[in-house]
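Okay, so here's the structure we're looking at.
Excluded from the calculations below are hydrogen atoms, water molecules and symmetry mates; all remaining heavy atoms, backbone and side chain alike, are included. Letters A, B, ... are given to chains in the order of the sequence lines, protein chains preceding strands, and every chain is numbered from 1.
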2 protein chains.
Amino acid sequence: MVKVQRGQASIDGARRRLQMADIARLAGVSTATVSRALSHSPLVNVETRARILELAQSLKYSINVGAQNLRLKQNRTVSVMIPFERDTRQHLSDPFLLAMLGSLADALTEQGFDMLFSRIGSDELDAAAAPFDSGRSIGILLVGQGRHHEQINELVARHVPIVVWGAQLPDQLYCCVGSDNVRGGEMATSHLLALGRRRIAFLGDLALPEPLQRYRGYCAALERHGIGVDPRLQVSVSFLPDGGMQGVQEMVRRAEPFDAVFASSDLLAMTAIDTLRTHGVRVPDDVAVIGYDDIAQAALFHPRLTTVHQPIAAAAETMVAALLSLIDGGPVRSVELPTVLSIRASAGELLA
Amino acid sequence: MVKVQRGQASIDGARRRLQMADIARLAGVSTATVSRALSHSPLVNVETRARILELAQSLKYSINVGAQNLRLKQNRTVSVMIPFERDTRQHLSDPFLLAMLGSLADALTEQGFDMLFSRIGSDELDAAAAPFDSGRSIGILLVGQGRHHEQINELVARHVPIVVWGAQLPDQLYCCVGSDNVRGGEMATSHLLALGRRRIAFLGDLALPEPLQRYRGYCAALERHGIGVDPRLQVSVSFLPDGGMQGVQEMVRRAEPFDAVFASSDLLAMTAIDTLRTHGVRVPDDVAVIGYDDIAQAALFHPRLTTVHQPIAAAAETMVAALLSLIDGGPVRSVELPTVLSIRASAGELLA
DNA sequence: ATGAAAGCGCTAACAA
DNA sequence: TTGTTAGCGCTTTCAT
């Protein structure tokens with residue numbers, strides 16, 4: 001009986017993986033020559049090189065990256081992590097994250113890096129460095145800083161190269177890339193005020209840095225218009241899709257009149273609108289709604305969603321560039337990307 | 001001047017990565033003993049082992065997985081790929097994909113495997129095997145077979161371990177995991193017929209295996225009810241979010257009356273409903289709508305979306321199990337997971 | 001119970 | 001232009 005081990009080719013069935021020595025033998029040269037040929041070294045004879053390259057190609061031989069990395073002491077793999085709340089054991093659901101992930105994959109590929117993806121329970125964020133510590137990746141891109149400010153700072157103290165998508169905070173030792181959340185919140189709120197709305201509900205978890213900063217922008221806009229901030233208009237809801245529903249239901253329960261909603265994500269805004277509709281509230285006539293992110297669906301939702309646009313592709317490129325610079329010992333600064341308000345029907349056009 | 005190279009720690013700034021020899025020196029033993037201690041070998045003295053483990057832990061030393069893999073000829077990394085259409089250069093946008101990705105990450109982690117993620121242009125699917133050929137991963141999980149049936153077959157002929165999320169096809173050499181698309185299409189259509197709908201529009205790209213099979217189920221249900229299939233009710237649209245809009249607009253342009261829509265994804269169903277609404281059509285009163293996937297938002301959408309549920313977590317576990325079995329040379333069969341109709345307001349409850 | 005030494009697949013001096 | 005050789009960080013015989 002043949003004992004077969006997980007994660008390893010079976011001894012009997014699979015034929016041995018092709019390796020450089022095989023190519024060398026078939027080409028009648030040494031492995032050194034093959035190595036040189038495959039790296040397009042000018043040292044090797046043009047014809048020999050052509051022969052070797054052709055041979056390798058036809059046999060689909062590909063250099064063993066693990067061995068190559070070991071020898072070269074290099075590594076072209078980056079970890080991407082998305083924290084999730086352990087208790088809610090929720091599937092990833094926000095389209096914004098998917099777009100971000102796709103853009104990060106693109107940006108990394110563009111730079112010739114592979115992406116090692118993991119979800120990570122927010123209770124075990126200290127384990128986030130494992131892929132780095134074990135040499136599987138050269139650095140970490142963390143999408144969403146959550147409540148982990150301190151833990152991330154500790155990673156930096158341990159010299160773990162990490163770049164975070166999130167909001168800038170005081171005492172922040174790590175490099176952080178994010179949109180200008182305060183300005184975003186301010187623009188959204190100002191727009192609602194300009195539309196004549198005065199009782200604007202805010203939906204978002206103030207325990208998280210990004211919603212908090214959006215809320216600060218919201219407050220700033222209100223105060224600039226001489227309108228006091230009413231805490232009864234603020235509802236703390238998570239980023240999960242039912243947050244929008246819960247936010248609206250809470251407002252209804254509070255019996256607090258409101259004529260607008262500013263939600264901290266498009267997903268929240270959309271489920272909030274759906275819930276408003278089930279309560280017979282018209283959007284934007286009775287309640288205007290603005291979201292945050294500007295995901296693809298926002299422009300197709302009914303009513304078309306007004307939202308604060310986050311430049312995802314630029315964000316991903318910035319994060320990747322920052323991480324690589326960090327690893328190279330180059331200069332790294334946190335970046336706030338500019339945000340733009342995409343004005344659509346859910347919080348109508350201004351009559352210019 | 002110090003030349004710094006990408007993907008490599010800078011020579012000056014970063015301190016050398018800790019390695020086994022360091023731990024050995026500090027513990028006053030040989031690397032062999034450290035290796036044994038870290039693998040909890042009973043060969044090493046209990047006290048020595050404790051001392052070494054403690055030392056390693058406090059120094060955050062972690063075995064270099066690359067070197068370990070090379071020595072052990074093992075590898076615990078799996079590639080996950082999502083093809084995208086090169087021309088539309090579209091960001092990933094379907095929440096279903098994100099949920100799938102998250103579940104795959106969970107299932108792989110559960111089995112102690114890492115996930116190497118890449119998007120891959122559908123024109124270069126033959127390059128999908130690169131991570132496998134170069135020994136970075138031991139197999140491939142492809143999410144979405146698209147139009148790549150033949151290319152995937154070729155990979156299998158090359159003995160590349162691959163498991164695909166998609167539909168079962170004739171002449172299929174690869175292992176395929178998917179939901180029972182025909183049955184799903186049939187259930188959705190039967191439900192609409194039972195609601196008294198007779199002119200059911202079908203939205204989906206028949207060039208793709210999954211929508212095609214859902215369409216077959218749709219046709220089967222119609223015929224069983226003695227209703228002919230009307231090609232004017234079928235609109236080919238992509239899985240991109242604006243597909244729903246385009247589908248409805250096309251139906252309107254055709255001036256073809258219809259009282260129901262069966263869309264091949266929830267995303268399409270949702271944007272279709274939004275577009276119907278802008279045309280003043282009431283859902284479900286004028287037109288009932290059923291989607292496919294049962295993503296988290298479906299239950300929160302207005303109206304609550306009736307949809308064919310795909311068991312994502314089970315799907316991911318099945319795919320991972322199949323791939324590992326395939327790699328171990330074990331038996332592998334394609335699997336069709338059962339589908340259930342989640343009945344909600346968009347295609348109302350049956351009055352029992 | 002521990003260490004010395006060989007070798008995983010590759011690259012880069014160095015020699016020829 | 002090519003080959004020989006040493007060694008990347010680790011594990012595992014084999015010897016002690």
Minimum-distance nucleotide (side-chain atoms of [X] versus [options]):
X	options	answer
Val44(A)	dT11(C), dC8(C), dT2(D)	dT2(D)
Ser30(A)	dC10(D), dG9(C), dG3(D)	dG3(D)
Ala32(B)	dC10(C), dT12(D), dC8(C)	dT12(D)
Val29(B)	dT1(D), dG3(C), dG9(D)	dG3(C)
Arg71(B)	dT2(C), dA6(D), dG7(C)	dG7(C)
Ser35(A)	dG3(C), dT11(C), dG9(D)	dT11(C)
Met20(B)	dG9(C), dT11(D), dA4(C)	dT11(D)
Ile63(A)	dT1(D), dT11(C), dT12(D)	dT11(C)

In whole Å, what is the span from the [atom1] atom of [X] to the [atom2] atom of [N]?
X	N	atom1	atom2	result
Asp22(A)	dG9(C)	CG	P	9 Å
Asn75(A)	dC8(D)	CG	C1'	13 Å
Leu70(B)	dC8(D)	CG	P	13 Å
Arg51(B)	dT2(C)	CZ	P	8 Å
Ile52(B)	dA1(C)	CD1	P	13 Å
Leu43(A)	dA13(C)	CG	P	11 Å
Ile23(B)	dG3(C)	CD1	P	15 Å
Asp133(B)	dG9(C)	CG	P	16 Å

Under a 4.5 Å cut-off applied to non-hydrogen side-chain atoms, are Arg16(B) and Asp22(B) in contact?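 Side-chain contact under 4.5 Å: yes.
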
Side-chain contact test, heavy atoms from C-beta onward, threshold under 4.5 Å: evaluate it for Ser79(A) versus Arg136(A) and give yes or no.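 Result no, sub-4.5 Å side-chain heavy-atom pair not found.
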
With hydrogens left out and only the distance checked, is there a donor-acceptor pair under 3.5 Å joining Arg17(A)'s side chain and the base of dG9(C)?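 Answer no: no donor N or O sits under 3.5 Å from an acceptor.
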
Any idea which heavy atoms bring [X] and [Y] closest together, and the distance?
X	Y	value
Tyr61(B)	Leu18(B)	CE1-O, 3.6 Å
Leu98(A)	Leu101(B)	CD1-CD2, 4.3 Å
Cys176(B)	Ser334(B)	N-OG, 2.9 Å
Ala99(B)	Ile312(B)	CB-CD1, 3.6 Å

Give a yes/no answer on whether the side chain of [X] brings an N or O atom under 4.0 Å of OP1 or OP2 in [N].
X	N	value
Thr48(B)	dT2(C)	yes
Thr31(A)	dG3(D)	no
Lys73(A)	dG9(D)	yes
Gln68(A)	dG9(C)	no
Tyr61(A)	dG9(C)	no

Contact class for Ser39(A) vs. all strands (heavy atom < 4.0 Å): base, sugar-phosphate, or nothing?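 Since no nucleic acid heavy atom lies under 4.0 Å of Ser39(A), the category is nothing.
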
Go nucleotide by nucleotide along DNA chain D from the 5' end; which of Arg36(B) and Ala67(B) gets its closest nucleotide reached first?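 So the residue in question is Ala67(B).
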
